[in-house]
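Notes for the one structure printed next.
Just follow the structure's listing: the first ligand is 1, and inside any ligand the first atom is 1.
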Amino acid sequence: MKKVFLASIFSLTLIGLTACGGGEEADSENGSASEGEDTASENGNDSNGEASYTIEAGIGLNNEHPQYEGLLEFKDIVEEETDGDIHVETYHSGQLGDDREMMEALQLNTQEVTIPSTAPMANFVEEFTVFDFPFLFPNEQVADKVLDGEIGDRLLDKLEEEEMVGLAYWENGFRDLTNSQHPVETAEDFNGLTLRTMENDLHLDAFEELGANPTPMAFGELFTAMQQGTVDGQENPLATIYLEGFYEVQDYYSDTHHVYSPFVFLMSKQFYDSLPDEYQTIVKDAAVEAGEFQREQNRKANEELLGSLEEEGMEITEVSDEARSEMAEIVQPVIDQYAEDIGTDFVDEVYEAVEEAEESVE
Ligand code: TK8
């Protein structure tokens with residue numbers, strides 16, 4: 001794990017240094033804290049003062065993303081079910097920090113909710129690495145079955161040791177590659193590309209194995225890093241690429257679909273334990289219900305937005321199944337290594353669950 005932390009501190013410093021000048025721009029583009037003063041009413045955060053409990057819920061993506069639509073749905077359900085006795089304040093665009101910082105805030109109970117990707121979560125519970133194994137899930141329906149099943153629950157239970165409670169799986173989606181240098185059609189085309197990755201060793205090692213120069217970085221620094229050429233490219237689901245405006249600083253898009261990224265709806269354990277049983281049930285059910293809504297919205301967005309990327313001038317490359325198999329073969333030794341690290345028995349169980357789910361959705 002240490003490798004990622006060291007590298008990210010270095011990149012943070014680098015970005016921090018370079019971003020001073022670009023702060024305003026970055027802020028205005030990503031709608032971060034500088035707009036905080038008028039965010040309260042905009043996000044419906046103005047508490048009526050009667051609530052017994054307040055949930056501060058922060059995410060990394062902006063307020064156009066289905067992740068935020070889902071969060072507003074959660075707010076509506078919880079406030080309705082408790083007649084406003086639980087008040088939910090929502091913050092987007094990393095206003096409360098990046099995925100790792102917000103998870104640390106949950107551990108300290110200085111924040112109540114965040115919804116990170118599983119990749120940075122592996123730094124807290126390493127078994128979550130399995131969900132970032134390249135090409136693990138063939139489609140969203142199989143992912144839903146495995147995540148909402150026994151395997152998914154077992155990993156959520158492990159979060160309690162880290163002072164967090166996992167209430168539901170939401171969807172980030174299948175990750176695709178963008179860059180500013182050249183079209184990526186085959187594994188060979190990764191050679192020499194400087195790519196931003198999430199703060200996760202498996203991602204780092206897999207892209208290194210493909211011949212790229214990966215560098216781990218928090219999401220909030222990514223746009224500026226691409227704009228200033230600190231990195232050539234990155235990988236995220238289509239909805240994020242479009243809704244975060246990456247087409248402004250990237251020219252080439254390839255539908256690599258190399259990893260299916262789940263989100264996990266997390267709550268501070270101290271806060272969750274402080275709620276009466278009835279309210280614990282309400283927040284759990286609301287996270288699941290809002291998650292189903294979020295997945296639907298996310299899949300709609302991912303379907304509709306490819307054309308929009310092209311309209312914005314990005315060159316679209318459709319990656320063949322052969323090319324994906326070649327990429328999968330190249331990164332297999334990395335997967336084997338991580339399977340050993342987190343336990344081959346458990347990893348075998350996950351692959352069995354994927355196979356079973358695949359048969360059941362056919
Ligand atoms: C946003 C992140 C983002 C993820 C990444 O907080 O870091 O690239 O895909 O969605 O969770």
## Note on the structure
In terms of its nearest heavy atom to atom 9 (O) of ligand 1, the top option of L222, N236, V259 is N236
### Query
Heavy atoms, side chains only, cut-off 4.5 Å: are I59 and S93 in contact?
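Side chain of I59 against side chain of S93, heavy atoms only: no contact under 4.5 Å found.
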### Query
Identify the closest protein heavy atom to atom 6 (O) of ligand 1: which residue and atom is it, and at what distance?
D99 OD1, 2.7 Å
### Query
Which one of F133, F135, F207, F190 satisfies the ring-ring contact (aromatic ring centres under 6.0 Å, His included) criterion with H258?
F207
Residues [X], [Y]: salt bridge by 4.0 Å N-O rule:
{"X": "R299", "Y": "E303", "answer": "no"}
{"X": "R175", "Y": "D255", "answer": "no"}
{"X": "E199", "Y": "R100", "answer": "yes"}

For ligand 1, which atoms sit closer than 4.0 Å to a heavy atom of [X]?
{"X": "F263", "result": "10 (O), 11 (O)"}
{"X": "S117", "result": "2 (C), 3 (C), 4 (C), 9 (O), 10 (O), 11 (O)"}
{"X": "R175", "result": "5 (C), 8 (O), 9 (O)"}

#### Entry: Mutual orientation of the aromatic rings belonging to H92 and Y68 [parallel < 30°, tilted 30-60°, perpendicular > 60°]
perpendicular
### Query
Any non-hydrogen atom of R196 lying under 4.0 Å from ligand 1?
yes
### Query
If you measure from each heavy atom of N172 to ligand 1, is any distance below 4.0 Å?
yes
